[in-house]
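Inspection log for the structure reproduced underneath, given as structure tokens.
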2 protein chains.
Amino acid sequence: MDDPRKIPTIQDVARQAKVSAATVSRVLSNSGRVSEITRSRVHAAVQATGYTINQAARTLRMQRAKTILTAVPGIGNPFYSTVIQAAISVATSRGYGMLVAGRLGDDPTRWLMEYYVSNRADGLLLFDDTLVTHTLHEIATDDRHMPIIASYDQRPDPRLNSVITDNREASARAVQHLIEYGHRRIGHVAGTSNSPFPHERLSGYRDAMAAAQLPVDERFIYQSDYTMEGGRSGAEYFMSLKDMPTAIFAANDEMAIGLIAGFRARGIECPRDVSIVGFDDISVSENYHPSLTTVRQPREALGRVAAELLINILEDQAEFSEPVHEVLPSELVVRESSARIGSG
Amino acid sequence: MDDPRKIPTIQDVARQAKVSAATVSRVLSNSGRVSEITRSRVHAAVQATGYTINQAARTLRMQRAKTILTAVPGIGNPFYSTVIQAAISVATSRGYGMLVAGRLGDDPTRWLMEYYVSNRADGLLLFDDTLVTHTLHEIATDDRHMPIIASYDQRPDPRLNSVITDNREASARAVQHLIEYGHRRIGHVAGTSNSPFPHERLSGYRDAMAAAQLPVDERFIYQSDYTMEGGRSGAEYFMSLKDMPTAIFAANDEMAIGLIAGFRARGIECPRDVSIVGFDDISVSENYHPSLTTVRQPREALGRVAAELLINILEDQAEFSEPVHEVLPSELVVRESSARIGSG
DNA sequence: ATGAAAGCGCTAACAA
DNA sequence: TTGTTAGCGCTTTCAT
């Protein structure tokens with residue numbers, strides 16, 4: 001009974017406070033009317049026993065786990081660690097735990113849904129766009145309706161709630177910046193697209209070119225994979241062209257860095273010979289040589305807003321009958337890797 | 001009853017298979033003897049109903065959440081995303097979920113323990129050395145004994161299980177490499193230490209200097225904070241000395257990059273004027289200019305081994321009465337940022 | 001080999 | 001305002 005190993009239950013608190021378990025529950029959840037006097041007795045008893053609520057019991061009874069599931073891109077992606085950090089902060093402060101989805105099997109729809117059906121998580125924060133399959137929307141439109149927030153760089157299924165940044169517009173601004181610097185032959189290194197639509201950053205590139213009435217030479221679009229290695233390959237590719245672009249917009253900073261490194265290895269200096277703009281503003285970009293002109297996304301806000309929206313939906317399902325779509329603004333950061341044409 | 005919204009329970013499966021819930025449970029957990037014929041009937045019923053076990057109920061009944069808690073360093077640390085990814089893979093494949101700890105309040109011992117006491121998690125993977133307080137070991141030696149694996153760059157409390165890399169030895173090898181290149185005046189940029197002991201990487205630096213019978217000029221040790229910005233400050237500091245070191249060992253790659261960037265901003269080129277070695281081999285190090293000589297840690301193994309050890313302990317507590325200490329080997333990767341003295 | 005029943009710790013409906 | 005009671009879905013004796 002006084003065994004210090006025993007984890008106290010609500011009954012122990014009730015006994016100590018000389019009230020019923022129901023009353024303790026009411027005090028702890030601020031539901032129902034409880035007199036001031038008993039309330040304080042209960043609080044005292046909680047202190048005395050060191051009671052902590054048993055989440056498993058609560059989850060079983062309430063059918064809500066107070067836990068959010070996140071699916072994040074596979075490889076150590078530095079971009080998302082900030083985003084997730086922000087999401088965790090929000091979740092924690094609102095009493096939610098944050099579970100990270102691991103992969104099992106090859107049907108994401110199924111294993112993600114399993115967390116929900118098994119009462120491990122109440123909703124999903126989906127940051128991993130490699131999981132964007134045609135079956136995904138089924139999760140959201142499934143009879144059991146697991147609430148989902150989609151947050152990635154591609155155009156999300158409109159049936160899903162989404163919190164994204166203005167990838168397309170920001171990309172257009174980045175390319176426009178190069179145009180303003182006098183560049184005309186502008187290339188693009190695209191990342192992988194997992195959706196049926198073209199990637200938003202590629203679309204932004206085309207938008208800007210079209211707006212300036214510049215033709216898009218399809219040979220100037222190199223399909224890569226978001227890695228530095230992929231950027232290096234891109235450099236090789238562009239050098240193989242007889243008329244290399246004078247500026248290149250890369251769909252992320254890793255590829256931009258790979259491009260610069262690849263060019264430099266062959267004597268082509270950035271920005272002297274070629275201007276390069278990236279996307280994301282990862283921490284090294286400011287300290288790279290040359291420092292990288294890039295698009296900075298509001299990562300912290302992305303994670304925060306996504307988590308807040310999900311929890312709001314979880315706590316007041318009714319209010320959100322229609323999918324919510326939030327778009328957060330990004331910012332162009334001009335540094336050394338882009339220069340006026342001919343200034344080298 | 002046939003409402004597709006209803007999540008099937010073990011009772012539904014039992015009814016469908018015309019057996020009792022107990023039997024279904026036995027089949028699903030492979031415990032107890034069950035005849036082949038009923039076993040297959042149960043499996044068929046599971047298929048038919050689309051049953052998934054309710055974790056909350058199972059946790060409540062068994063007093064084990066099948067969930068691991070991780071505490072990871074605050075800011076988007078690219079190093080740990082790989083480590084954690086590996087840990088998640090292991091956990092998932094062994095049927096465990098992975099919960100990420102958020103901070104609440106300023107008593108880590110308390111809020112970490114709370115996950116355990118509240119039946120949310122069975123054990124802790126501690127990667128965040130900023131949580132190393134003198135009260136931490138209390139978690140492990142607490143009457144309730146939450147199992148913990150410590151995995152960070154500092155010397156872990158010997159009462160905790162630990163899975164670490166050979167930070168000290170690897171640091172010594174890095175410095176020895178500089179010595180072999182003819183350097184004698186070698187500096188060190190140290191990271192923050194949250195333990196009462198000096199940082200392992202600093203100790204390794206001293207070890208190597210002592211082994212080569214080189215005096216350590218205490219002015220050559222600059223205390224910084226693991227950031228690129230901190231590295232830049234370090235560069236300023238060293239330049240303010242009248243007799244700058246000819247080589248510097250930085251306690252991580254971010255600071256090494258900051259150093260190089262800071263020096264270059266003032267006309268001091270690496271490796272021409274100063275050799276620099278980092279630690280971690282983050283992805284940009286290979287693509288930085290100059291590419292970085294650094295120490296590569298077995299990140300994937302770190303996460304994998306830590307998770308495996310924790311789960312082994314969870315599943316067979318008895319066997320591990322003494323703390324386990326694993327040390328994984330790191331590897332020196334020599335690239336462009338270090339050069340023989342006078343070769344510039 | 002299988003089933004009946006108890007109970008893990010909590011909350012909510014109903015009584016008092 | 002407070003207590004009593006039932007039951008969330010599962011596992012595990014204890015019978016049979």
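Naming: A, B, ... by sequence-line order, numbering from 1 per chain.
In this structure, A:Arg33 atom CZ and D:dG3 atom C1' are separated by 17 Å, rounded to whole Å. We find that CD of B:Gln55 is positioned 13 Å from C1' of D:dT11, with the value rounded to whole Å. Between the P atom of D:dG9 and the OH atom of B:Tyr51 lies a distance of 10 Å, rounded to the nearest Å. Atom C1' of nucleotide C:dA4 and atom CD1 of B:Ile10 are separated by 14 Å, given to the nearest angstrom. Regarding A:Arg61, its CZ atom lies at a distance of 13 Å from the P atom of C:dC10, rounded to whole Å. Across the protein-nucleic acid pair, A:Leu28 atom CG and C:dA12 atom P stand 13 Å apart, rounded to whole Å. Between B:Asn54 atom CG and C:dC8 atom P the separation is 18 Å, expressed in whole Å. One interatomic measurement links the two molecules: NZ of B:Lys66 to P of D:dC10, which rounds to 16 Å at whole-angstrom precision.
The pair B:Glu308-B:Arg94 does not meet the salt-bridge criterion, since no charged nitrogen lies less than 4.0 angstrom from a carboxylate oxygen. For A:Asp128 and A:Arg103, the salt-bridge test passes: some basic side-chain N is under 4.0 Å from an acidic carboxylate O.
Distances from the side chain of B:Ser35 to the nucleotides D:dT12, C:dT2, D:dC10 place C:dT2 closest. Closest to the side chain of A:Ala22, from the set D:dG9, D:dG3, D:dT11, is D:dG3. Residue B:Gln63 has its side chain nearest to C:dC8 when only D:dG3, C:dC8, D:dC10 are considered.
Nucleic acid contact class of B:Thr38 (heavy atoms, under 4.0 Å, all strands): sugar-phosphate only. Within the 4.0 angstrom heavy-atom criterion, only backbone atoms of the sugar-phosphate kind lie near A:Arg58; the bases stay farther away.
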Are there any protein N/O atoms within less than 3.5 Å of an N/O atom in nucleotides 14-16 of chain C, and if so, which ones and at what distance?
none

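Judged by distance alone, the side chain of A:Arg64 and the main-chain N or O of A:Leu314 form a donor-acceptor pair under 3.5 Å. With hydrogens and angles ignored, the 3.5 Å screen pairs no side-chain donor or acceptor of A:His325 with any backbone N or O of A:Asn161. Of the possible polar contacts, one joining the B:Thr67 side chain to the B:Ala65 backbone as a donor-acceptor pair under 3.5 Å is found.
The CG atom of A:Asp122 lies 8.0 Å from the CD1 atom of A:Ile68; values are rounded to the nearest 0.5 Å.
Rounded to 10 degrees, the angle between the two end axes of the helix from C:dA1-D:dT16 to C:dA16-D:dT1 is 40°, with five pairs used at each end.
When the side-chain nitrogen and oxygen atoms of B:Thr9 are compared with OP1 and OP2 of D:dC8, none of them lie within a distance under 4.0 Å. Look at B:Thr23 and you'll find a side-chain N or O under 4.0 angstrom from OP1 or OP2 of C:dG3.
A donor-acceptor contact closer than 3.5 angstrom is absent between the side chains of A:Gln55 and B:Asn119.
Along DNA chain D, the nucleotide closest to A:Ile37 and the one closest to A:Leu60 are compared, and the more 5′ of them pairs with A:Ile37.
Applying the ring-ring contact (aromatic ring centres under 6.0 Å, His included) rule to A:Tyr96 yields no partners; only residues at least two apart in sequence or on another chain are considered.
Nearest approach of B:Leu99 to A:Gly97, heavy atoms of both residues: CD1-C, 4.1 Å. Closest approach of B:Leu310 to B:Gly123, counting heavy atoms only: CD2-C, 4.0 Å.
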